[in-house]
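From a predicted model like this one, the values you see are computed outputs, not experimental measurements. Numbers here simply count residues along the sequence, with the first being 1.
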Amino acid sequence: LETLSGEVLEGKSVTQITLGGASLLLLKLVHKMNKHVFVQIEDYSTASDLFTSCFMLNNESFCFFPEDDSGFTVPGFSTENQRYRKEAILKRDQATTCCVIGVSKALCKKTIPLSRESKIEKLIYKEGQNIERDDILNKLIGFGYGKADTTREPGFFSSRGDILDIFPYHFKNPFRLSFDFDVVEKISIYDPLSQVSIKNVSSLVLFEHFEGQNADNITLAEHYDFP
């Protein structure tokens, strides 16, 4: 694997490699190069299969960028593709480098707003943290979240009594903040269908993309290069 990754970095091509082999090679390249790697694949099916194989190998080092299908969804509901795209956009500003596996059409299109005030905001919630719920609600609204009676879909939040439920686009499951006045008493991940808690966590980090006035649209690769 060391020899093969070295040949790839020298510009040599690789043929007759299995899906598992390609996953191991990409993981090796990400660690070896210590920077983000882009893999462009023509068809969705092949790109999806490769991403699934890579994700099972190391879920922190890979993300997927399919085409935007928001024009074919019911307003207020998001698709798996939208969640993948959101995660790929946010991954740029996280601590670890990653490999972005994308469908060619998606990577070539300028669909990501370049805002004059565009930035990634990091929000940290911890048990015992003192924070005003109104501040959280205002931030969620500013990020484009919708308010719902019950949070079941990504991009929504709901508030009832001492409970605040939030479902980020790039999360597989929503999370619940339980308050004792303005102190976070408990943080839990829950099932959006049953509304039952899956597990409790002591802290949680949320990354959100804040956009100001749009200046232009850019590709994902340009977004990763943009300071």
Side-chain angles (χ1 to χ4, degrees), residues 1-2 4-9 11-73 77-113 120 153-155 167-175 189 191-192 198 205-209 217-226:
L1 193 59
E2 182 70 30
L4 191 59
S5 62
E7 290 178 350
V8 171
L9 292 177
K12 297 179 180 179
S13 60
V14 178
T15 59
Q16 296 181 337
I17 188 170
T18 64
L19 203 60
S23 304
L24 288 168
L25 176 59
L26 288 173
L27 182 60
K28 182 69 175 179
L29 288 171
V30 171
H31 292 163
K32 197 169 186 176
M33 296 171 67
N34 195 30
K35 64 180 181 179
H36 299 300
V37 176
F38 283 79
V39 177
Q40 182 173 313
I41 300 177
E42 287 297 323
D43 66 285
Y44 175 91
S45 179
T46 303
S48 178
D49 287 347
L50 178 59
F51 167 71
T52 300
S53 176
C54 290
F55 187 83
M56 292 176 66
L57 180 66
N58 186 316
N59 62 356
E60 293 295 326
S61 297
F62 296 94
C63 56
F64 186 39
F65 196 70
E67 287 195 81
D68 182 10
D69 59 0
S70 59
F72 302 96
T73 59
F77 293 86
S78 63
T79 65
E80 190 173 47
N81 276 12
Q82 288 173 276
R83 180 174 66 81
Y84 283 138
R85 289 173 62 89
K86 179 84 171 182
E87 182 180 28
I89 292 171
L90 295 173
K91 200 79 171 179
R92 181 195 73 173
D93 291 275
Q94 297 185 23
T96 57
T97 55
C98 72
C99 174
V100 181
I101 299 171
V103 180
S104 294
K105 288 183 179 179
L107 289 175
C108 292
K109 287 181 180 177
K110 295 187 175 185
T111 56
I112 301 173
I120 303 294
E153 297 289 334
F167 199 160
Y169 277 109
H170 55 295
F171 277 28
K172 291 184 178 179
N173 292 95
F175 66 92
I189 310 297
D191 185 303
I198 298 173
V205 178
L206 174 64
F207 289 90
E208 284 295 345
H209 188 204
N217 280 352
I218 56 176
T219 65
L220 184 69
E222 289 171 330
H223 168 70
Y224 270 69
D225 288 336
F226 193 79

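- Within the 4.5 Å cutoff, side-chain heavy atoms of Phe62 are placed close to those of Leu27.
- Contact annotation: the side chain of Phe38 approaches that of Tyr224 to within less than 4.5 Å [non-hydrogen atoms, C-beta and beyond].
- In this structure, a donor-acceptor pair under 3.5 Å is present between the side chains of Asp43 and Thr46.
- The backbone N or O of Pro154 sits nowhere less than 3.5 Å from a side-chain atom of Arg83 that would complete a donor-acceptor pair.
- Nearest heavy atom pair, residue Ala47 against residue Ile101, reads O-CG2, 3.7 Å.
- Rounded to the nearest 0.5 Å, atoms CG (Leu25) and CD1 (Ile17) are 5.0 Å apart.
- For the atom pair CD1 (Ile218) and CD1 (Ile112), the distance works out to 6.0 Å, reported to the nearest 0.5 Å.
- Separation of the Phe64 and Phe55 ring centroids does not fall under the 6.0 Å cut-off.
- Within the 4.5 Å cutoff, no side-chain heavy atoms of Ser61 are placed close to those of Thr96.
- The distance from atom CG of Leu19 to atom CG of Leu50, rounded to the nearest 0.5 Å, is 5.5 Å.
- Looking at every heavy atom in both residues, Leu206 comes nearest to Pro168 through CD1-CG, 3.4 Å.
- At least one donor-acceptor pair closer than 3.5 Å links the side chain of Thr52 to the backbone N or O of Ser48.
- The distance from the NE2 atom of His223 to the NZ atom of Lys91 is 12.5 Å, given to the nearest 0.5 Å.
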Evaluate the side chain to side chain contact (heavy atoms under 4.5 Å, CB included) criterion for residues Val100 and Val39: first the C-alpha distance (whole Å), next the side-chain angles of each, then the deciding distance (0.1 Å), finally the verdict. CA-CA 6 Å; Val100 181; Val39 177; over 6 Å; no
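- Panel note: side chain Lys109, backbone Glu67; no donor-acceptor pair is recorded below 3.5 Å.
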Go through the steps to decide whether Lys28 and Glu2 satisfy the test side chain to side chain contact (heavy atoms under 4.5 Å, CB included), and finish with yes or no. CA-CA 8 Å; Lys28 182 69 175 179; Glu2 182 70 30; 2.9 Å; yes
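- If you check the side chains of Ser5 and Lys32, you find a donor sitting under 3.5 Å from an acceptor.
- His36 places a side-chain N or O within donor-acceptor distance of the main-chain N or O of Cys98, the cut-off being under 3.5 Å.
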Determine, step by step, whether Thr219 and Glu222 satisfy the side chain to side chain contact (heavy atoms under 4.5 Å, CB included) criterion, reporting the C-alpha distance in whole Å, the side-chain angles of both residues, the deciding distance to 0.1 Å, and the verdict. CA-CA 5 Å; Thr219 65; Glu222 289 171 330; 3.3 Å; yes
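- The closest side-chain heavy-atom distance from Val103 to Phe65 is not below 4.5 Å.
- From Met33, atom CE reaches atom NE2 of His31 across 12.5 Å, with rounding to the nearest 0.5 Å.
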Pair Leu220-Ile89, side chain to side chain contact (heavy atoms under 4.5 Å, CB included): steps then yes or no: CA-CA 7 Å; Leu220 184 69; Ile89 292 171; 4.1 Å; yes
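- When all heavy atoms are compared, the tightest approach of Phe167 to Pro192 is CE1-CB, 4.1 Å.
- Atom CG of Leu26 is separated from atom CG of Leu57 by 9.5 Å, given to the nearest 0.5 angstrom.
- The side-chain heavy atoms of Phe51 and Tyr84, taken from C-beta on, include a pair separated by under 4.5 Å.
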